[in-house]
Visitor: 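Here's a structure for you.
Numbers restart at 1 for each chain; the letters A, B, ... are given by sequence-line order, proteins then strands. Computed over heavy atoms, backbone and side chain alike; hydrogens, waters and symmetry mates excluded.
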Amino acid sequence: MTTMRERWKTEIVHSLHAMARDKGLSEVDLSADMLAFETPPRPDLGDLAVPLFPFAKLFRAAPAAIAVEVAARLGDREIGTCEAAGPYLNIRFARSAVVQQVLEAVMHEGDGFGRTDELSAQRIMIEFSCPNTNKPLHLGHLRNDILGESLSRILAANGAEVRKVNLINDRGVHICKSMLAYQRFGNGATPESEGIKSDHFVGAYYVRFNQWVKDDPSAENQAREMLQKWEAGDTEVMALWQQMNRWAIDGISETYRRTGISFDEIYYESKTYLSGRDEVLRGLQEGVFYREDDGSVWVDLEEINLDKKVLLRGDGTSLYLTQDIGTAIARHGDWPFDRLIYVVASEQRYHFAVLFHVLQKLGMEWGKDLFHLAYGMVNLPDGKMKSREGTVVDADELIAGLERMAAEEIRAKGREEEVGDVNQTAGDVALGALHYYLLQVNPIKDMVFDPRESISFNGNTGPYLQYTGARISTMLRKLGQGSSGSGSGSDRPESGGTVDYALLREDLEWELVKQIATFSDAVRTAGRQYSPSVLTGYLYELAKTFSRYYHDHPIAVEKDAAVRSARVALSRAVVQVLRNGCELIAVPFLHVM
RNA sequence: GCGCCCGUAGCUCAGCUGGAUAGAGCGUCGGACUUCGAAUCCGCAGGUCGCAGGUUCGAAUCCUGCCGGGCGUACCA
């Protein structure tokens, strides 16, 4: 379809030039760039619209008059027809050629359909998740995780070589707090002895610390002392730390497995913070930073209109910024990248502005290739999530709740038989609901997470996509067509190998073909904007169009065998695109639900 | 105070590099299952695109100011 667009572009530029010549105007300032292609507001107006306002000055004529003349010059041709509609030139493509080309491309490319070469030869590292080892994941992490995972897949689909990295935040005062509380109140309990998921077990002691500090303010100092012991390598502290970290990380990893999040490399702050300190000290020697009387090391950020910022505490221990410096340098050494994307909440904008600048001050010219994807906060309908007030939504609990709802729905519909493993399917539906809901909003915006709405299986949701895919799959399965693009051998039993695409004459069929053809545009745009929401929107539209089509037109039960074959071919293409798209937003594709 | 971000229908969100009457979903109300999955489909109602200027043939979209909300401005992360 892009070729079709290009051909029309050439034709239009041609006739505009001809017009200019005939009017005795020299062919100045008339370039193809002035042609803006748009989609007409209603499909019945055509497939492509060209506003002619920009040419009014050139021809000293009203855009509408130009439209009439261009339309007359172009007339009807092999590649379609065009007509003037006010100041617009509306174009209709010759359908059957496009239909054939698009559907055959989907068949041929299969799981690879929609890929672009936008970012080929680019090495992109993407950091996301970055959990603390003092508590389990919550809803905010889920947005982070799915943004990172989905974006990674999208960038890869645009041809980039992507490396997903995590950074386990396993050191710092906050980690010492849960350790301290455990040491004091734990009485040797273990996750096994208590029968709770290990990261939740650790998290309980972090909560316990915060209760304790209310009664005994000295707890804060004790935590700080423990951090110093930790940095000094105190045996007892290290042993405790290793034990509790193991628990936290094991539990968090289980959540990753459940949600389909994975990484190519995992970094640990406990291993990178020292090199960060070395870099800061080097900067100090080179005069890039300065030392205060109390021994703390600072950077003056006046040149980027920011304040002064601490890089090392007076007692010599590291800070968040210090370790991020070390981590970034280690990463660039491990895997030199063209771009590094940090998926981190927008509240840390300041931190990254400082980090990127400091790295460049330290002589890392690649500091300019770092990008902070600052995503908005997730709030609840009844207010903000606050850990202190106990209004955080725990990730595991949330997912379990969604699974329960999905399972109930499957039973209520009496579909246990068809589905087979109810829990497995319910789990996939829960994930589809969660991921779709979180991705459907533009990342930079704050969003409201409504648990009730997220589990609703009506409307603009993940389960709706899954349902549409499952219906098509079932239909194809019943025909012996299989719903997988990389067919199982017994494909097309009745078509004799050829499909007469000209039989797809319905407007909705044409709509579907056009939507399929623009899939790669959606993939490209999502990659450029770092926004999976472009894809959720695209897929929802596609599913909706197909649902309407399926409702109004017989496919598998169509009497005319030739028409049936053509419609089946179209359905196979739609389901292939749904599959490919769902893969990019980590919504499990279901053959039955 | 200063800096950054956001402000579209009752609610949750779309709206591509400015372009034809601003779109979905939910919710309300009303329709459609002897027919390929009704977790579906169709229809009605609902918006001075926060406000005011400016640029432009044309602004929800770009610029300026203001108002409202959020976040940041920690030897927390």
Visitor: Quick check for you: among B:G37, B:C41, B:C36, whose closest atom lies nearest to any side-chain atom of A:S547?
Guide: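 Among the listed nucleotides, the one closest to the side chain of A:S547 is B:C41.
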Visitor: A:N144 side chain to A:G140 main-chain N or O, any donor-acceptor pair under 3.5 Å?
Guide: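 Flag not set: sc A:N144 to bb A:G140 has no pair under 3.5 Å.
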Visitor: Looking at CG of A:L431 and NE2 of A:H435, how far apart are the two atoms once the value is rounded to the nearest 0.5 Å?
Guide: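 The NE2 atom of A:H435 is 4.5 Å from CG of A:L431, to the nearest 0.5 Å.
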Visitor: OP1 or OP2 of B:C36 sitting under 4.0 Å from any side-chain N/O of A:R567?
Guide: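 No, A:R567 has no side-chain N/O under 4.0 Å of OP1/OP2 on B:C36.
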Visitor: Is any side-chain N or O of A:Y550 closer than 4.0 Å to OP1 or OP2 of B:G37?
Guide: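 Indeed, a polar side-chain atom of A:Y550 lies that close.
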Visitor: For A:K413 and B:A39, is the shortest distance between a side-chain N/O and OP1 or OP2 below 4.0 Å?
Guide: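 Checking A:K413 against B:A39: at least one side-chain N or O falls below 4.0 Å of OP1 or OP2.
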Visitor: For RNA chain B, produce a single dot-bracket line, 5' to 3'. Pairs: Watson-Crick or G-U wobble, both distances under 3.5 Å. Symbols: ( ) within strand, [ ] crossing, | other strand, . unpaired.
Guide: (((((((..((((.....[...))))..((((.......))))......(((((..]....))))))))))))....
Visitor: What distance, rounded to whole Å, do you find between the two C1' atoms, one in B:C13 and one in B:C49?
Guide: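 The same atom, C1', in both gives a distance of 14 Å.
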Visitor: Does A:M179 reach the side chain of A:V202, with side-chain heavy atoms less than 4.5 Å apart?
Guide: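 No, side chains not in contact.
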Visitor: Under 4.0 Å between a side-chain N or O of A:K445 and OP1 or OP2 of B:G7?
Guide: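 Result: yes.
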Visitor: Before we go on, tell me: are the rings of A:Y436 and A:Y464 under 6.0 Å apart, centre to centre?
Guide: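 A:Y436 vs A:Y464: aromatic centres not under 6.0 Å.
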Visitor: OP1 or OP2 of B:A74 versus the side-chain N and O atoms of A:R313: is any pair under 4.0 Å?
Guide: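 It does not, given that no N or O in the side chain of A:R313 lies less than 4.0 Å from OP1 or OP2 of B:A74.
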Visitor: Taking 4.0 Å as the cut-off, does a side-chain nitrogen or oxygen of A:R528 come that near to OP1 or OP2 on B:C16?
Guide: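 Indeed not, no polar side-chain atom of A:R528 lies that close.
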Visitor: Using only side-chain N and O atoms of A:Y467, determine if any of them is under 4.0 Å from OP1 or OP2 of B:A39.
Guide: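 Yes, because at least one side-chain N or O of A:Y467 sits under 4.0 Å from OP1 or OP2 of B:A39.
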Visitor: Could you tell me the separation between the CD atom of A:E506 and the CG atom of A:D552, rounded to the nearest 0.5 Å?
Guide: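 Between atom CD of A:E506 and atom CG of A:D552 there are 9.0 Å.
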Visitor: Hey, does the side chain of A:Y464 come within less than 4.0 Å of B:C41's phosphate (OP1/OP2), counting only N and O?
Guide: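 Yes.
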Visitor: With syn defined as a glycosidic angle within 90° of 0 and anti as everything else, classify B:C67.
Guide: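 The base of B:C67 is oriented anti (glycosidic angle more than 90° from 0).
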Visitor: Does the ring centre of A:W230 sit less than 6.0 Å away from the ring centre of A:Y273?
Guide: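 That pair passes the under 6.0 Å test.
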Visitor: So does A:K544 get a side-chain nitrogen or oxygen closer than 4.0 Å to the phosphate oxygens (OP1/OP2) of B:U40?
Guide: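 A:K544 to B:U40 OP1/OP2: no side-chain N or O under 4.0 Å.
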Visitor: Side-chain N or O of A:R471 versus OP1/OP2 of B:A38: is the shortest distance under 4.0 Å?
Guide: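 Indeed, a polar side-chain atom of A:R471 lies that close.
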Visitor: Classify the side chain of A:N458 versus the base of B:A38 as yes if they form a donor-acceptor pair under 3.5 Å and no if they do not.
Guide: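 For A:N458, whose side chain was compared with the base of B:A38, there is no donor-acceptor pair (under 3.5 Å).
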